[in-house]
Amino acid sequence: MRFLLVSNKESSFRFRATKIRNSLTYFTGYIFINSYPFGKLFYLPTFEGSLIVFQMDNYQTPDLLLYIHPLASFCHKVLIALYENDTEFESRIVDLMQEESSAELLAYWPVGKIPLLRDRKREKTIPETSIIIEYLNEFYPGKVKLIPSDFSLALETRLWDRFFDLYISEPMQKIVVDRLRPEGQNDKLGVEQAYQRLPIAYDMLEGQLQSHSFVVSDNFSMADCSAVPALFYADTILSFRNTHPKLTAYFERLLERQSVKRTIVEASPYFHMYPLFDKIPKRFLNEKK
């Protein structure tokens with residue numbers, strides 16, 4: 001391995017990288033990756049906003065390829081699951097607004113939703129976040145069992161996984177997407193209903209979090225992977241911090257996990273694209289935009 005470049009601006013690095021080969025399109029975990037004539041080029045974003053760039057000549061393509069965008073909440077859910085078990089994989093950033101960027105994704109899954117997992121070894125394409133995590137649990141298990149072996153606990157895990165997706169992430173996204181709609185095409189009723197659903201979900205979680213460290217038990221699970229991005233973004237819309245102490249404490253416990261910290265670091269260069277960027281706490285930002 002040899003170090004090539006250190007830059008304190010992502011744009012600066014991208015400009016210089018294009019002289020080697022096009023623009024960056026891939027990353028693996030913390031480490032973004034691009035091929036060039038002498039091997040593989042990686043860069044590591046840090047909390048301070050700097051980029052450490054280096055070459056790794058003996059890089060081998062992992063069996064798992066994950067199509068994502070680092071800002072997307074449902075992608076965060078799967079990334080956390082992968083990082084919990086140090087599962088080896090390659091990530092490929094997809095811009096659904098660009099045909100060249102999304103063509104490969106659409107070839108595997110014409111619905112065009114991310115994240116999407118491609119298992120090169122087993123020649124399988126796996127869509128949908130919960131199904132991806134179930135697949136990883138079965139075929140790429142690790143030290144953290146994200147779905148319990150006990151049937152009752154597994155059922156509870158799947159229930160609360162869906163709860164976060166349907167009753168927090170879904171209304172959150174409804175509110176955010178409405179801000180991106182052209183003037184005159186807003187869904188006022190839908191947004192009002194979404195705002196009404198969030199406090200109900202917060203109340204239910206406050207009751208659920210009476211006796212366990214995590215949402216189902218004292219063990220981290222798939223449901224907690226779902227909780228992180230749901231609560232992260234929902235807190236920027238309708239904060240629970242002053243009204244739901246148990247939920248707040250639970251969220252802070254989640255934020256202490258290395259898998260979660262890693263996911264947020266990777267997302268932070270893209271936070272300025274989020275419509276409620278000004279509501280994201282400063283502690284999660286690499287640099288001021």
Side-chain angles (χ1 to χ4, degrees), residues 10 14 17-18 21-36 40-43 59-83 87-140 161-162 164-166 169-170 172-182 185 187 190 222 225-226 229-230 233 263 266-267 269-275:
E10 181 182 9
R14 283 182 177 276
T18 57
R21 180 190 179 204
N22 297 325
S23 61
L24 294 172
T25 52
Y26 309 101
F27 73 90
T28 303
Y30 263 134
I31 303 174
F32 291 67
I33 170 176
N34 194 28
S35 299
Y36 82 109
K40 297 287 183 177
L41 186 68
F42 294 79
Y43 78 89
Y59 176 80
Q60 294 183 345
T61 303
D63 292 335
L64 298 177
L65 171 63
L66 186 69
Y67 296 89
I68 68 157
H69 192 282
L71 188 62
S73 61
F74 283 115
C75 293
H76 293 182
K77 173 180 169 180
V78 173
L79 287 170
I80 290 166
L82 287 161
Y83 294 152
T87 305
E88 186 180 9
F89 72 103
E90 177 186 341
S91 289
R92 189 162 298 176
I93 296 178
V94 177
D95 183 346
L96 295 173
M97 303 299 291
Q98 295 185 4
E99 183 177 350
E100 183 179 355
S101 177
S102 60
E104 190 174 316
L105 168 76
L106 293 171
Y108 284 124
W109 191 243
V111 173
K113 295 287 188 179
I114 53 175
L116 182 73
L117 183 68
R118 177 67 183 170
D119 188 336
R120 292 159 164 150
K121 182 179 180 179
R122 303 185 72 249
E123 298 185 345
K124 297 288 185 181
T125 298
I126 305 94
E128 302 298 329
T129 57
S130 300
I131 304 302
I132 291 172
I133 296 175
E134 294 261 11
Y135 183 89
L136 293 171
N137 190 70
E138 179 66 25
F139 295 105
Y140 294 87
D161 167 67
R162 302 307 297 138
F164 283 110
D165 285 355
L166 294 175
S169 284
E170 187 176 294
M172 173 271 293
Q173 291 189 342
K174 177 68 178 179
I175 294 166
V176 171
V177 170
D178 195 73
R179 288 174 173 254
L180 302 174
R181 291 188 174 201
Q185 297 184 28
D187 182 6
M222 175 172 68
C225 295
S226 182
Y233 285 113
T263 301
E266 290 175 1
Y270 300 86
F271 280 155
H272 68 280
M273 301 167 61
Y274 178 57

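Just so you know, residue 1 is the first one in the sequence shown, and it goes up from there.
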Distance check, rounded to the nearest 0.5 Å: [X] atom [atom1] versus [Y] atom [atom2]?
X	Y	atom1	atom2	answer
L117	T125	CG	OG1	8.5 Å
L79	K77	CG	NZ	12.5 Å
K113	L105	NZ	CG	11.0 Å
I132	C225	CD1	SG	12.0 Å
W109	I114	CH2	CD1	14.5 Å
Y270	H69	OH	NE2	6.0 Å

S91/E266 under side chain to side chain contact (heavy atoms under 4.5 Å, CB included): CA gap, chis, key distance, verdict: CA-CA 12 Å; S91 289; E266 290 175 1; over 6 Å; no
NZ/K174: more than 12 non-hydrogen atoms of other groups inside 6.0 Å: yes
Kindly give the heavy-atom pair with the smallest separation between [X] and [Y], and that separation in Å.
X	Y	result
G112	L106	CA-CD2, 3.5 Å
A230	F164	CB-O, 4.0 Å
P70	I93	CG-CD1, 3.9 Å

Test side chain to side chain contact (heavy atoms under 4.5 Å, CB included) applied to F271 and L71, step by step: CA-CA 7 Å; F271 280 155; L71 188 62; 3.7 Å; yes
Side-chain contact test, heavy atoms from C-beta onward, threshold under 4.5 Å: evaluate it for [X] versus [Y] and give yes or no.
X	Y	answer
V111	P127	no
L116	Y108	yes
P275	L180	yes
L136	L64	yes
F74	P115	yes

Side chain to side chain contact (heavy atoms under 4.5 Å, CB included) involving E128 - partner list, sequence neighbours excluded: I131
Counterpart residues, side chain to side chain contact (heavy atoms under 4.5 Å, CB included), relative to R120 (two or more places apart): T61, P62, L65, E90, R92
Using side chain to side chain donor-acceptor pair (under 3.5 Å) as the criterion, list what pairs up with [X], not counting sequence neighbours.
X	value
E134	R158
E99	none
D119	Y135, Y140
S102	none

Step-by-step side chain to side chain contact (heavy atoms under 4.5 Å, CB included) determination, K121 to F139: CA-CA 11 Å; K121 182 179 180 179; F139 295 105; over 6 Å; no
Residue pair E104 / Y67, side-chain donor-acceptor N/O under 3.5 Å: yes
